[in-house]
J.: 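Okay, here's the structure, questions in a sec.
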Amino acid sequence: MKLSQLVGQRLKEAPRDAQTASHIFLIRGGYVRLVSAGLYTLLPLGRRITRKIEQILREEMDRVDGQEIRMPVVLPADLWEESGRYGKVGSELLRFKDRNGKDMLLGMTHEEAVVQVARTELVSYKQLPSMLYQIQTKYRDEARPRAGLIRVREFTMKDAYSFHNSQECLEKYYERCHEAYVRIFKRIGLKQCLSILSDSGMMGGAVSHEFMAIADCGEDTIFASPDGSYRANREVATAKLAFTKDAPQPLSKVHTPNCKTIADVAGFLKLSPEQTCKAVFYKDQDNKLVFACIRGDLEVNEAKLRKAIQCPEIDFANDELIRAAGAVPGFASLLGIDANKIRVVVDPSVSESSNLVVGANEEDHHMLNFNFARDAAGREHIIVTDIATVREGDPCPLTGQPLQALKGIEVGNIFQLGTKYSAPMSCNYLDQDGKSKPMIMGCYGIGVGRAMAAVIEQCHDDYGPVWPMAIAPFQVHLIGLNINQPEVRQACDKLYQSLIDAGIDALYDDRGEKAGFAFADADLIGVPLRLVVSPKTLAQNQVEFKQRSWGKRSELIALDGVLPFVQQQIQELMALCRPDTPTA
RNA sequence: CGGGGCGUAGCGCAGUCUGGUUAGCGCGAGUGGUUUGGGACCACUAGGUCGGGGGUUCGAAUCCCUCCGCCCCGACCA
């Protein structure tokens, strides 16, 4: 490819809207262009990269016996009615009617569609296990697209679905897919990509993992122990907190004028927040009250709370709703709350601690020495479960070491779905005993564009991306300086042709721009290997060579040895992304 | 959906508060020339519904109303 013909201009200045490294360089380098919020056109450079990523995805999916298919983007709503998701999923599902008034939708994920395939094509246990995958467009009507390709509305996804006749088979296969994912992210050149335990959210199912590319601009917070033995998303992370357990002291009421917050109470009573109990009121989608109880220094984790009460949507309750339940806002506690009337969730930090300060459920009063076992005894409707948000430095649940907080971009995830979709949609197979049984399913997704952006986040310098060889838009970037001189032009043309003939993916800057201009463009395009030919180098029968990652350093190589040298370099850089040793 | 910011040439911006000739500047683009190893220089040229609509006014990029779009924070998110 000649740079003079390449569509997609490099920009000296980034659009004001671009703030993260990947967004800035994707725009400045001419990889993508914004069409509308969260909708991008991939220009030739961007498309070259995503094609290479997609090829790696195909190879690795095929390695775990996947078979590529293609399902429609547009799906009939009735298919989603079958699984029950049509009504459950919110407005990120784009719904519309076709010309006949039939309800349609744009697929945001394809469990329903693939189940329809499986239930007609897979009928016997002899055909299981089986895995189908596709690389295809997904549409999600995101409330807030952000950071270029990190969060978009339309994107390309590799989505894979496996079908099994037993949980054991699923678990074994899930492990294979996990390994495939580790290989994939290594092959595309991510330097740090961790698989972590995650909340399965709307996908349902028991076990799921997210693959997180570690990056400061990431939207997810991960907690990890220093030795790497424990890693979890903030939504599910737990900590092994120590609770002080002293002999229970008698309950006593104390006057606490205007002490509505934990800080007020602790300050007024000259106690630490750890010695208090926080009462937080939520409401569910039916406006019913949910009462969460946690030690004063901790914060309620809403994802955990939603899970604890099996409720997809919660929000803070207003004072009116709290009063209607007989509680006094700011001074509420388990004391005086009828656990039979409202749902109560108590964190172990409260049930396992002793002599806490709690609200007296009376204006301007608190109670000293609350002990859950003694003072809330016999309330069988109370759910006691972990609803605490983990903080950096909290003890790891496995090792007790202080947990580290990391920011990550979710580039992939895998789920053990079980029969969540197969059962309601009658996706059955005939077992050896002739009985019809629902298939056990797993699903496995990777966002292609997001993966490309994540690579930039991890692989760039001040001047542009530093593409890993495996997904670089080109393998070699050839620059001719003073190319208006016929001997330079001739030498460059010849070198370019020999690279092409050798099957090397070469980009040829034949524009005759000044050196600085050409180099700045080359940095933005980020091709891993660079060759510079100029009158100076030609005079010595040499070519200047550098790796993109070297910064401004370079070395001279003999002109007649360029081809084998470049081939060697390509091999060496490809080796950096070889997935030989799965580590994550 | 809540809070904040922004919308003037392909990109980055000035002008708006305090209304007034023909709406400017830099980058980028085109032509000609001088240059040529880290984003050169000179000259000329092209490129604008000042986000849209409505209003106030002798006169609106500028003031008022309204709609739309984009970005950031939050909520939400397989």
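Values below: every heavy atom of this structure, side chains too, minus hydrogens, waters and symmetry copies. In the text below, chain A, chain B and the rest are named by the order of the sequence lines, each starting its count at 1.
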J.: Considering only the C1' atoms, how many Å lie between B:G20 and B:A61, rounded to the nearest integer?
T.: 13 Å
J.: When the P atoms of B:G12 and B:C71 are considered, how many whole Å apart are they?
T.: 13 Å
J.: Take atom C1' in B:G55 and the same atom in B:G74, then report the distance between them in whole Å.
T.: 36 Å
J.: For nucleotides 45-51 of chain B, which of its nitrogen or oxygen atoms have a protein nitrogen or oxygen under 3.5 Å away, and what is each distance?
T.:
none

J.: What is the pairing partner of B:G7, taking Watson-Crick or G-U wobble pairs with both distances under 3.5 Å in any strand?
T.: B:C68
J.: If you compare every side-chain N and O of A:Arg146 against the phosphate oxygens of B:C73 (OP1, OP2), does one of them come in below 4.0 Å?
T.: yes
J.: Is the shortest distance from a Lys or Arg side-chain nitrogen in A:Arg530 or A:Asp523 to a carboxylate oxygen in the other one below 4.0 Å?
T.: yes
J.: Identify the nucleotide, in any strand shown, that forms a Watson-Crick or G-U wobble pair with B:A46, with both distances under 3.5 Å; if there is none, say none.
T.: none
J.: Across all strands, who's sitting opposite B:G12 as a Watson-Crick or G-U wobble pair, both distances under 3.5 Å?
T.: B:C25
J.: Nearest whole angstrom, please: distance from the C1' of B:A75 to the CG of A:Leu305.
T.: 16 Å
J.: 5'-most contact on RNA chain B: A:Ser554 or A:Ser36, nearest heavy atom basis?
T.: A:Ser554
J.: Between B:C72 atom P and A:Glu142 atom CD, what is the distance in whole Å?
T.: 13 Å
J.: Which residues pass the ring pair (Phe, Tyr, Trp, His ring centres under 6.0 Å) test with A:Phe565, not counting sequence neighbours?
T.: A:Phe545
J.: Quick one: A:Phe519 CZ to B:G39 P, roughly how many Å, whole number?
T.: 10 Å
J.: So which nucleotide does B:G2 pair with, by the Watson-Crick or G-U wobble rule with both distances under 3.5 Å?
T.: B:C73
J.: Run the side-chain donor-acceptor check on residues 457-464 of chain A: report pairs under 3.5 Å with partners two or more places apart or on a different chain.
T.:
{"from": "A:Glu457", "atom 1": "OE2", "to": "A:Ser22", "atom 2": "N", "distance (Å)": "2.9"}
{"from": "A:Glu457", "atom 1": "OE2", "to": "A:Ser22", "atom 2": "OG", "distance (Å)": "2.7"}
{"from": "A:Gln458", "atom 1": "OE1", "to": "A:Lys191", "atom 2": "N", "distance (Å)": "2.6"}
{"from": "A:Gln458", "atom 1": "OE1", "to": "A:Gln192", "atom 2": "N", "distance (Å)": "3.1"}
{"from": "A:Gln458", "atom 1": "NE2", "to": "A:Gln192", "atom 2": "O", "distance (Å)": "2.7"}
{"from": "A:Gln458", "atom 1": "NE2", "to": "A:Ile214", "atom 2": "O", "distance (Å)": "2.9"}
{"from": "A:His460", "atom 1": "ND1", "to": "A:Ile456", "atom 2": "O", "distance (Å)": "2.7"}
{"from": "A:His460", "atom 1": "ND1", "to": "A:Glu457", "atom 2": "O", "distance (Å)": "3.3"}
{"from": "A:Asp461", "atom 1": "OD1", "to": "A:Tyr463", "atom 2": "N", "distance (Å)": "2.8"}
{"from": "A:Asp461", "atom 1": "OD1", "to": "A:Gly464", "atom 2": "N", "distance (Å)": "3.1"}
{"from": "A:Asp461", "atom 1": "OD1", "to": "A:Arg548", "atom 2": "NH2", "distance (Å)": "2.8"}
{"from": "A:Asp461", "atom 1": "OD2", "to": "A:Arg548", "atom 2": "NH1", "distance (Å)": "2.7"}
{"from": "A:Asp461", "atom 1": "OD2", "to": "A:Arg548", "atom 2": "NH2", "distance (Å)": "3.4"}

J.: Starting from P on B:C77, measure out to CD on A:Glu302 and report it in whole angstrom.
T.: 10 Å
J.: Using the salt bridge (Lys or Arg N to Asp or Glu O under 4.0 Å) rule, collect all pairs that involve residues 28-47 of chain A, keeping only residues at least two apart or in two chains.
T.: A:Arg47-A:Glu54
J.: Listed by chain and number, what are the side-chain hydrogen bond (donor to acceptor under 3.5 Å, both in side chains) partners of A:Glu299, not counting sequence neighbours?
T.: A:Lys278
J.: Mind checking A:Lys138 for me? I need base, sugar-phosphate or nothing, with any heavy atom below 4.0 Å counting as a touch.
T.: nothing
J.: State which residue, out of A:Leu79, A:Leu75, A:Val73, fulfils the side-chain contact (heavy atoms from CB on, under 4.5 Å) condition with A:Leu105.
T.: A:Leu75
J.: Under 4.0 Å, heavy atoms only, any strand: does A:Ala14 hit a base, just the sugar-phosphate, or nothing?
T.: sugar-phosphate
J.: What's the gap between B:G30 and B:C6 when it is taken at their C1' atoms, as a whole Å value?
T.: 32 Å
J.: Find the distance A:Glu154:CD to B:C77:P and express it as a whole number of Å.
T.: 22 Å
J.: Among residues at least two apart in sequence or on other chains, which ones pass side-chain hydrogen bond (donor to acceptor under 3.5 Å, both in side chains) with A:Tyr86?
T.: none
J.: Could you list the residues that satisfy side-chain hydrogen bond (donor to acceptor under 3.5 Å, both in side chains) with A:Asp493, not counting sequence neighbours?
T.: A:Tyr508
J.: Once rounded to the nearest 0.5 Å, what's the spacing between atom CE of A:Met108 and atom NZ of A:Lys138?
T.: 10.5 Å
J.: Could you state the atom-to-atom distance from CZ of A:Phe25 to P of B:G39 in whole Å?
T.: 17 Å
J.: Would you classify A:Lys158 as touching base, sugar-phosphate or nothing, given that sugar-phosphate means primed atoms plus P, OP1 and OP2, and contacts are heavy atoms under 4.0 Å?
T.: nothing
J.: Yes or no on salt bridge (charged side-chain N to carboxylate O under 4.0 Å, His left out) for A:Lys304 and A:Asp386, after CA distance, side-chain angles and deciding distance?
T.: CA-CA 7 Å; A:Lys304 288 185 185 177; A:Asp386 172 32; 2.7 Å; yes
J.: Would you mind reading off the distance between A:Arg151 atom CZ and B:C72 atom P, rounded to a whole angstrom?
T.: 12 Å
J.: With both distances kept under 3.5 Å, what pairs with B:C41, Watson-Crick or G-U wobble?
T.: B:G33
J.: For RNA chain B, whose closest nucleotide is more 5', that of A:Gly148 or that of A:Val533?
T.: A:Val533
J.: If I pick the C1' atom on B:G52 and the same atom on B:C68, what distance separates them, to the nearest angstrom?
T.: 7 Å
J.: Indicate, with a heavy-atom threshold strictly under 4.0 Å, whether A:Pro145 touches base, sugar-phosphate, or nothing.
T.: sugar-phosphate
J.: List for me each residue that meets side-chain hydrogen bond (donor to acceptor under 3.5 Å, both in side chains) alongside A:Asp103, sequence neighbours excluded, and say none if there are none.
T.: A:Lys97
J.: Checking A:Asp297 against A:Arg391 for the salt bridge (charged side-chain N to carboxylate O under 4.0 Å, His left out) test, could you report, in this order, the C-alpha distance in whole Å, the side-chain angles of both residues, the deciding distance, and whether it holds?
T.: CA-CA 11 Å; A:Asp297 60 311; A:Arg391 304 161 297 187; 3.1 Å; yes
J.: Which parts of nucleotides 27-36 of chain B does protein reach within less than 4.0 Å, heavy atoms only, written one letter per nucleotide 5' to 3' as B for base, S for sugar-phosphate only and - for none?
T.: SS-------B
J.: Does this structure show an ion pair linking A:Arg153 with A:Glu142, if we count only N-O contacts that are shorter than 4.0 Å?
T.: no
J.: Under a 4.0 Å heavy-atom cut-off, which of residues 69-76 of chain A touch RNA chain B?
T.: none
J.: Output yes when at least one side-chain N/O atom of A:Arg306 is less than 4.0 Å from OP1 or OP2 of B:C76, else no.
T.: yes
J.: Could you tell me whether A:Glu82 and A:Arg119 make a salt bridge, using a distance below 4.0 angstrom between a side-chain N and a carboxylate O?
T.: yes
J.: Working to the nearest 0.5 Å, report the span between CD of A:Glu13 and CD1 of A:Ile27.
T.: 14.0 Å
J.: Determine the Euclidean distance between corresponding C1' atoms of B:G19 and B:U57; express it in Å to zero decimal places.
T.: 9 Å
J.: Quickly work out the A:Asp220 CG to B:G74 P distance and round it to whole Å.
T.: 12 Å
J.: Base, sugar-phosphate or nothing for A:Tyr444? Non-hydrogen atoms, less than 4.0 Å.
T.: nothing
J.: Any N/O pairs under 3.5 Å between the protein and nucleotides 1-6 of chain B? List them or say none.
T.:
{"from": "B:C6", "atom 1": "O2'", "to": "A:Arg16", "atom 2": "NH2", "distance (Å)": "3.2"}

J.: Less than 3.5 Å apart, which donor and acceptor atoms pair up between the side chains of residues 474-481 of chain A and the rest of the protein, not counting sequence neighbours?
T.:
{"from": "A:Gln475", "atom 1": "OE1", "to": "A:Asp505", "atom 2": "N", "distance (Å)": "2.9"}

J.: Using a 4.0 Å heavy-atom cut-off across all strands, classify A:Arg553 as base, sugar-phosphate, or nothing.
T.: nothing
